[in-house]
Amino acid sequence: MPLEPLPIGATPALDDSAAAPPAALAGLSKEDLEDRLDRAGDRLRRLQPALYAESRQALLIVLQARDAGGKDGVVRHVIGKFNPMGVAITSFKVPTPLEQAHDFLWRVHAAMPPKGMVGVFNRSHYEDVLVVRVHHLVPERVWRPRYDQINGFERFLTGNGVTILKFLLHVSREEQRERLLARLDDPEKNWKFNANDLKERERWDDYTRAYADALARTNTEWARWYVVPADRKRARDVLVAEAVADALERMHPAFPSAPPEAAALRAMLQKQ
Ligand code: ATP
């Protein structure tokens, strides 16, 4: 069963049960999940070269999550299946003074994948209706109109050859606690620990509301949201990889045909 996009008009229930893998995956062994991921990876590897060679359209994958939600894992295990030459990954951090001096979509538009490429946003313009809302970084009269502004922007992009997939990697509060603890306990993960993550965790319910509203209001026919149950890492990767492979198939990327002078060129090369 593929991961279904959030139904249009629906507000997602971002509770603990939505973080558990679907029944069809919950019963699978680690090996079975790895097989599924390998098969999805084969599809990604097969489709991407045609997208690149054709250079007529682009795919944008937006990754949003709470801290320790698994964005880095998806980049490694799913996006890592692609040929890196055809992928552009952008991480959106706190805006620089220059970025702040512009409208909130300025830096986002500049990071759009050109035709032929897969673009990945690790965080995105959605931070401007999430962290910005939760921390009151701008007044409501500024952030609220952004839902419509985002919808218009994404519609403009899709009208210009960009297919947009938006994933919320949804973890439960308990799973986030475990992952943050692992960052403290595991020397190879210490570098990822950020004391600020604990402050953000205190605002769990505020973020839940902000995410639910953002998804409900920006889940459009042209740029759908997927809520990915992300408590089990391998199941999460399978769901994202299969959804991306399905989307790429729907894009029907095709290798350009040989140039009309191919026969003449072949004859010349054979003589040389
Ligand atoms: P990851 O993104 O992988 O979790 P991180 O949280 O360690 O990594 P940081 O260097 O902390 O990465 O940068 C991300 C921070 O930037 C987040 O706290 C995020 O909320 C913040 N941020 C991103 N976009 C904006 C924005 N438009 N306004 C304010 N803060 C933003």
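Order of listing sets the numbers, starting from 1, for every ligand and every atom in it.
The protein non-hydrogen atom at the shortest distance from atom 12 (O) of ligand 1 is Lys93 NZ, 3.4 Å. Of the protein's non-hydrogen atoms, Asp128 OD1, 3.1 Å is the one closest to atom 27 (N) of ligand 1. The single protein non-hydrogen atom nearest to atom 30 (N) of ligand 1 is Val131 CG1, 3.6 Å, given as residue, atom name and distance. Looking only at protein heavy atoms, the nearest one to atom 7 (O) of ligand 1 is Asn194 ND2, 4.6 Å. Nearest protein neighbour of atom 20 (O) of ligand 1, counting heavy atoms only, is Glu127 OE1, 3.0 Å.
Within the 4.0 Å heavy-atom criterion, the part of Pro95 lying near ligand 1 is the side chain and not the backbone. At a 4.0 Å heavy-atom cut-off, ligand 1 touches Asp72 through the side chain alone. The side chain of Val132, and not its backbone, has at least one atom closer than 4.0 Å to an atom of ligand 1 (non-hydrogen atoms only; side chain from C-beta on).
For atom 5 (P) of ligand 1, the candidate residues are Arg123, His135, Gln100, Lys71; the nearest heavy-atom contact is made by Arg123. Ranked by closest heavy atom to atom 16 (O) of ligand 1, the top entry among Val94, Val108, Leu63 is Val94.
Residue Asp72 is tested with Arg123, Lys233, Lys192, Arg236 for a salt bridge (charged side-chain N to carboxylate O under 4.0 Å, His left out); the sole match is Lys192.
Atom CD of Glu261 sits in a crowded spot, with more than 12 heavy atoms from other residues, nucleotides or ligands closer than 6.0 Å.
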Test side chain to side chain contact (heavy atoms under 4.5 Å, CB included) on Arg146 and Val138; report intermediate values, then the result. CA-CA 12 Å; Arg146 288 181 174 169; Val138 297; 4.2 Å; yes
Check the pair Gln64, Ser124 against side-chain hydrogen bond (donor to acceptor under 3.5 Å, both in side chains), reporting the backbone distance first and the verdict last. CA-CA 7 Å; Gln64 283 290 154; Ser124 66; 2.6 Å; yes
As a quick check of understanding, evaluate side-chain hydrogen bond (donor to acceptor under 3.5 Å, both in side chains) for Glu175 and His170, giving each step before the final call. CA-CA 10 Å; Glu175 180 64 19; His170 174 58; over 6 Å; no
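Residue Ala68 comes nearest to Arg183 through the heavy atom pair CA-NH2, 3.5 Å, listed as atom of the first residue, atom of the second, then distance. Taking each heavy atom of Ala58 and Lys115 in turn, the nearest pair found is CB-CA, 4.2 Å.
Linking Ile, Leu, Val, Met, Phe, Trp and Tyr whenever their side-chain heavy atoms come within less than 4.5 Å puts Phe153 and Ile164 in one cluster.
Those atoms of ligand 1 that come under 4.0 Å of a heavy atom in Arg107, given as number and element, are 24 (N), 25 (C), 26 (C), 27 (N).
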